[in-house]
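All chains are named by letter (A, B, ...) in the order of the sequence lines, taking the proteins before the strands, and each is independently numbered beginning at 1. Computation of the quantities below employed the complete heavy-atom set of this structure, encompassing side-chain atoms and omitting hydrogens, waters and symmetry-equivalent molecules.
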Amino acid sequence: MTYNHDLQFGVFVSPIAEPAHHGAELAMVAEAAGLDLITFQDHPYNPQFLDTWTLIAYAASVTKTIRLAGNVLNLPLRDPVQLATATASLDRLSGGRIELGIGAGAFWDGIGAMGGKKLTAGQSIEALGEGIELIREIWKADEPTSLATNGNHYRVEGVARGPAPAHEIGIWVGAYKPRILRLTGRLADGWLPSLGYLPDGPASLTAMNAEIDAAAIAAGRDPSAIRRMLNINGRFMESERGLFQGPVDSWARQIVELNRDYGISTFILAADDPQTIALFGTVVAPLARELAGEIVRA
Amino acid sequence: MPYYGHRLSFGTLLDPVTDPPERAVELARLSESLGYDLVMLRDEPHRPDLLDAWTALTWIAGQTERVWLGAMVQRLHRRLPAVIGRQLASLDLLSSGRAEFAFGPVESLNEVEALDEAIDIVRAILDVAELGTVTIDGRHFPVMGAQRGPLPQHTIPVWLSGSALPVLELAGRTADGWIGTAAELPLANAVIDSAATASGREPSEISRIVTVQAGDPLLPLVIEHGAGIILLDSNDPAVIERFAREAIPALRVAVDEARADLPAVVPAKPARMRAKRREGIAYDAIPITLQAHAVEPGDAAYARLRSNYLRGGSPGLILRPGTPEEVAEAIAFAREHRELPFSVRSRGHGISGRSTNDGGLIVDLRLMNKVEILDETTRRIRVQPGARWMDVAAAIEPYGWALSSGDYGGVGVGGLATAGGVGWLVREHGLTIDHMRKAQIVLADGSILETSETERPDLFWAIRGAGANMGIVTSFDFEVDPIGQVGWAQLVLDATDIAGFLQAWGSWIDNAPRDTTSFMIMGQQRSARQMYAHVLTVIDSDDPETIVSRLQPLADVARVLQQRISIETYADVMANASDHYHQGQGDPAVRSGLLNQITPEFAEAASRMIQGGGSYFFQIRSMGGAVADVPPEATAFVNRSAKFSVVAFGPSRSRLNAYWNEMTPLFDGLYLSFETDTSPERLLDAFPQPALSKLQRLKEHYDPTNLFRDNFNVLTGVRSEELGVR
Ligand SMILES: Cc1cc2nc3c(=O)[nH]c(=O)nc-3n(C[C@H](O)[C@H](O)[C@H](O)COP(=O)(O)OP(=O)(O)OC[C@H]3O[C@@H](n4cnc5c(N)ncnc54)[C@H](O)[C@@H]3O)c2cc1C
């Protein structure tokens with residue numbers, strides 16, 4: 001199962017506050033390296049980091065082609081109406097380069113300290129579902145009616161719709177457990193787990209994919225509507241020692257294998273130095289694309 | 001006729017329309033190019049034809065360079081103030097200190113109460129200088145132990161807008177500014193001023209920001225109603241341009257005329273900031289030219305400037321001049337505060353130099369950081385003191401040049417180039433000061449002088465080694481060397497036999513050609529069975545064979561455990577410091593000694609010190625070579641015969657000294673930059689006679705009141721009555 005998506009490559013950069021231009025500078029590096037995407041984690045309770053949304057907006061402003069997303073934005077501390085307006089606004093300003101990676105939240109003590117509501121896992125998934133639906137509604141600027149919803153977590157009345165984004169913003173969810181995987185299958189455009197959190201490594205992906213696929217089908221969607229993405233960690237080394245621990249050609253081969261075996265099509269490398277980002281964008285990505293093309297032709 | 005003393009400023013108030021989204025961006029850029037001070041975006045959540053103001057503002061930050069950026073943010077019920085605080089700090093950091101902020105109009109009482117809480121939370125999140133987390137158990141926004149930060153670049157003012165009585169009262173009670181229309185201003189002033197006074201504030205703590213339409217009468221707003229910032233409410237480029245070209249200059253002239261006879265007024269700092277001021281400083285008398293960049297304990301920027309790389313500080317005032325004339329003004333201000341501690345700082349890597357203090361003044365030169373090429377044929381450059389050596393290296397690298405300075409790129413030009421400069425090319429090209437051809441210095445009396453071998457040669461002699469005693473050097477002319485790529489070797493060697501290793505390393509480098517300079521570092525001993533030495537070596541050659549041949553003998557010195565050898569530019573070797581601000585704490589214990597030879601006696605003593613935990617960072621730098629080509633009497637850096645500079649950082653003064661005193665007889669003087677001992681005896685170690693007497697004579701001539709005394713003061717131990725200081 002490959003879900004028929006083209007291969008895409010991105011990076012996951014720390015939104016550190018000192019020096020403040022770290023993230024924006026690496027966005028330029030990633031763009032110059034031909035990468036498709038730069039993403040930033042979002043932990044608003046952590047003041048070592050810049051506000052991720054502000055960083056994304058700034059990094060979008062100083063780049064031209066690369067797409068940007070939170071990986072993933074913290075819904076409990078970011079109001080969905082506000083988030084919908086903000087992402088649509090930035091999507092318009094950037095010519096359609098913004099995607100919305102979003103998560104149900106973790107680190108509830110930190111969330112509570114900031115003034116967010118502490119939720120149970122189940123509540124937070126329910127809130128995520130409501131939030132996603134609400135965001136999509138706000139984006140429908142052309143609907144004549146104003147918006148009213150009455151969820152358990154988000155209630156709005158008479159909220160103006162719009163602005164409309166410049167392109168169809170993909171909503172990507174970070175998920176591991178069955179309930180949120182099902183939500184991903186039902187509602188999301190992308191699934192964004194991290195390799196480091198998979199209990200059995202890539203092998204875990206099979207069952208998780210199946211959960212998403214089943215939920216998609218149950219909701220009347222085509223499973224390939226959900227792009228399978230993966231945050232990866234690794235190191236370039238002279239000889240191959242494991243997954244993403246080796247020379248560039250072994251990275252490329254492993255990417256193609258993960259694509260073939262688990263349908264992963266977007267690979268996002270955690271990297272905070274320009275050399276690694278440049279290598280990933282200018283060497284690994286083209287190698288992997290070439291290799292994937294050969295397999296298809298063969 | 002209220003006049004709150006704020007500098008008259010102008011801005012545009014723009015609608016960030018969704019279609020086309022770049023409209024507001026272009027108008028913002030236009031505003032900047034026309035000289036407006038501020039761009040403010042309107043946020044109207046009920047208008048889907050407007051972009052989210054915060055997002056658009058951040059986008060504009062990436063497209064502008066100078067203009068302040070503000071948004072009138074609404075929808076408080078959809079935002080968490082603690083997150084707003086982080087966002088403000090983030091925009092401020094990303095825009096290099098240009099973020100301003102207003103809470104958009106609120107009308108209902110409930111909202112005003114929420115606003116009151118929100119302001120407290122935002123301010124607390126931004127107040128990184130306070131200890132502990134933020135807990136404000138509000139009715140609207142319960143914040144329970146949120147961490148403070150990030151630390152913004154400047155103190156971000158919080159403005160309010162809205163004309164409802166409770167909003168005006170709140171503004172008077174707590175805001176830094178109020179925004180309203182011309183029609184609302186007179187009444188608003190009355191309410192704000194009385195609310196301010198009632199809560200113990202000065203009305204001038206609150207700036208008045210007025211939105212106007214083109215054609216509105218402006219002069220009365222300013223003269224009669226104290227408007228400080230005029231915001232043109234227009235989205236028409238022609239109107240924005242005409243206003244800038246006609247209305248603003250005319251208004252400035254008219255205001256100047258109307259105020260010609262009025263005494264100058266300085267707007268009051270908010271009480272919460274004044275409370276953090278230190279005693280004995282005439283904060284209200286800071287010269288106007290220095291005000292914009294002056295930083296006091298209540299300012300956000302204080303946390304970035306209070307400490308040094310290695311030392312914590314709590315100064316009462318930091319002045320940041322941008323020109324030699326401003327340096328002279330800052331010195332005059334320091335003269336008026338002669339009884340307070342006074343420090344001079346370039347980039348804060350002083351070890352001997354106490355470029356921070358407790359309760360006193362600092363003249364910080366980081367804004368003077370230019371590197372200029374004067375003449376390509378003679379390889380002359382002019383460098384200001386606030387540049388870092390990595391910046392100098394990068395600026396001259398494209399010409400194929402380098403200037404040996406030190407091993408760390410973050411070190412400032414000012415501190416190093418007034419003391420010596422033992423760097424990566426020292427054996428081949430001598431000390432940094434040996435390349436100095438001319439300098440500009442501001443003296444204690446404020447005079448700005450040039451000095452060179454031919455102009456005031458005595459002063460020129462003194463500033464090359466004891467510059468910190470004479471004044472503030474504001475520019476240095478250097479003749480630099482043509483240097484191509486260099487060999488850069490970072491090795492880790494087995495130094496378990498510490499004494500044996502030190503001698504072998506010493507004799508290797510002593511016998512190496514001048515193109516090779518090597519620094520050796522040992523850390524704390526972790527286990528008796530193993531000790532490592534980091535040996536960092538630069539070879540001025542881009543030929544791999546030469547590089548290898550220079551390093552080869554090291555293999556006989558000790559077992560090589562790790563090695564990284566590359567061929568790089570000197571600028572790459574120097575690009576090793578981060579932009580993080582200094583967060584030094586405490587007061588380091590560091591000793592320096594110069595050595596002609598690593599004798600068995602010295603090596604044994606050093607070994608005992610390291611094994612006994614007397615030093616957690618022990619470094620020996622090779623010198624010799626070209627350093628000794630310059631005669632000892634040529635500069636105030638006198639100890640020129642030494643082959644090695646030895647530095648030890650200790651866990652405490654007494655622990656370090658217990659071992660160091662044993663070694664003292666073996667040394668041949670010291671290099672002042674690495675010495676923290678301030679006893680008078682050290683003076684002769686740094687400046688053997690007749691140098692010290694000569695320096696003292698010059699000191700009495702150029703700095704008779706001993707104003708400059710934070711770095712190896714040559715009058716230490718000389719009684720103050722002898723100095724004419726009252
Ligand atoms: C990590 C580190 C590495 C170092 N490496 C080297 C090295 O390789 N070689 C070497 O020679 N030294 C080295 N030093 C020592 C360094 O040269 C001195 O500490 C120097 O004073 C630092 O300069 P600064 O401008 O950063 O310091 P600051 O702290 O800004 O200034 C230190 C003192 O210099 C004086 N001063 C500063 N600017 C001026 C000025 N414009 N006019 C007059 N006086 C002024 C002041 O008295 C001040 O107290 C190192 C220091 C550190 C912390």
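For the set Leu77(A), Leu93(A), Leu50(A), the count of heavy-atom pairs under 4.5 angstrom toward chain B peaks at Leu93(A). Among the candidates Ala17(A), Ala141(A), Pro15(A), Pro44(A), the residue making the largest number of heavy-atom pairs closer than 4.5 Å to chain B is Pro44(A). Ranked by non-hydrogen atom pairs under 4.5 Å with chain A, the options Gln147(B), Arg148(B), Arg47(B) are led by Gln147(B). Ranking Ala24(A), Gly158(A), Pro19(A), Ala60(A) against chain B, the residue ahead of the rest is Ala60(A), based on heavy-atom pairs under 4.5 Å. For chain B, the option among Val159(A), Asp79(A), Ile56(A), Thr87(A) with the highest count of heavy-atom pairs below 4.5 Å is Asp79(A). Chain B forms more heavy-atom pairs under 4.5 Å with one residue of Val62(A), Ile138(A), Val81(A), Leu90(A) than with any other, namely Val81(A).
Each of Asp572(B), Val573(B), Ile567(B) was compared with Thr569(B) under the side chain to side chain contact (heavy atoms under 4.5 Å, CB included) criterion, and only Asp572(B) meets it.
Both the backbone and the side chain of Ala56(B) have a heavy atom closer than 4.5 Å to some heavy atom of chain A. Proximity to chain A is limited to the backbone of Leu50(B), based on heavy atoms less than 4.5 angstrom apart. Proximity to chain B is absent for every atom of Thr52(A), based on heavy atoms less than 4.5 angstrom apart. For Arg161(A), the part sitting under 4.5 Å from any heavy atom of chain B is the backbone (N, CA, C, O) and nothing else.
Between Asp52(B) and Ser89(A), the side chains place no donor N or O within less than 3.5 Å of an acceptor N or O (distance only, hydrogens not considered). Glu31(A) and Thr65(A) are linked by a side-chain donor-acceptor pair at a separation below 3.5 angstrom, with hydrogens and angles left out of the test. Inspection of the His167(A) and Asp91(A) side chains reveals an N or O donor paired with an N or O acceptor under 3.5 Å.
Annotation: residues 302-310 of chain B contacts chain A through Arg304(B) [non-hydrogen atoms, separation under 4.5 Å]. Residues of residues 150-157 of chain B that come within less than 4.5 angstrom of chain A, heavy atom to heavy atom, are Pro150(B), Leu151(B) in numerical order. Applying a 4.5 Å heavy-atom cutoff, the residues of residues 16-31 of chain B that approach chain A are Thr18(B), Asp19(B), Pro21(B), Val25(B). Below 4.5 Å, heavy atoms of chain A meet heavy atoms from Arg78(B), Arg79(B), Leu80(B), Ala82(B), Val83(B), all part of residues 77-85 of chain B.
Between the side chain of Glu99(A) and the backbone N or O of Gly170(A), at least one donor-acceptor pair lies under 3.5 Å.
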inquiry  = Under the criterion side-chain contact (heavy atoms from CB on, under 4.5 Å), I'd like the reasoning laid out for Ser124(A) against Trp108(A): C-alpha separation, chi angles, the key distance, then a yes or no.
reply    = CA-CA 10 Å; Ser124(A) 73; Trp108(A) 292 98; 3.5 Å; yes
ask   = Asp273(A) and Leu26(A): side-chain contact (heavy atoms from CB on, under 4.5 Å), yes or no, with the steps?
value = CA-CA 8 Å; Asp273(A) 69 289; Leu26(A) 291 185; over 6 Å; no
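Atom-to-atom distance recorded for Leu68(A):CG and Phe40(A):CZ is 6.5 Å, nearest 0.5 angstrom.
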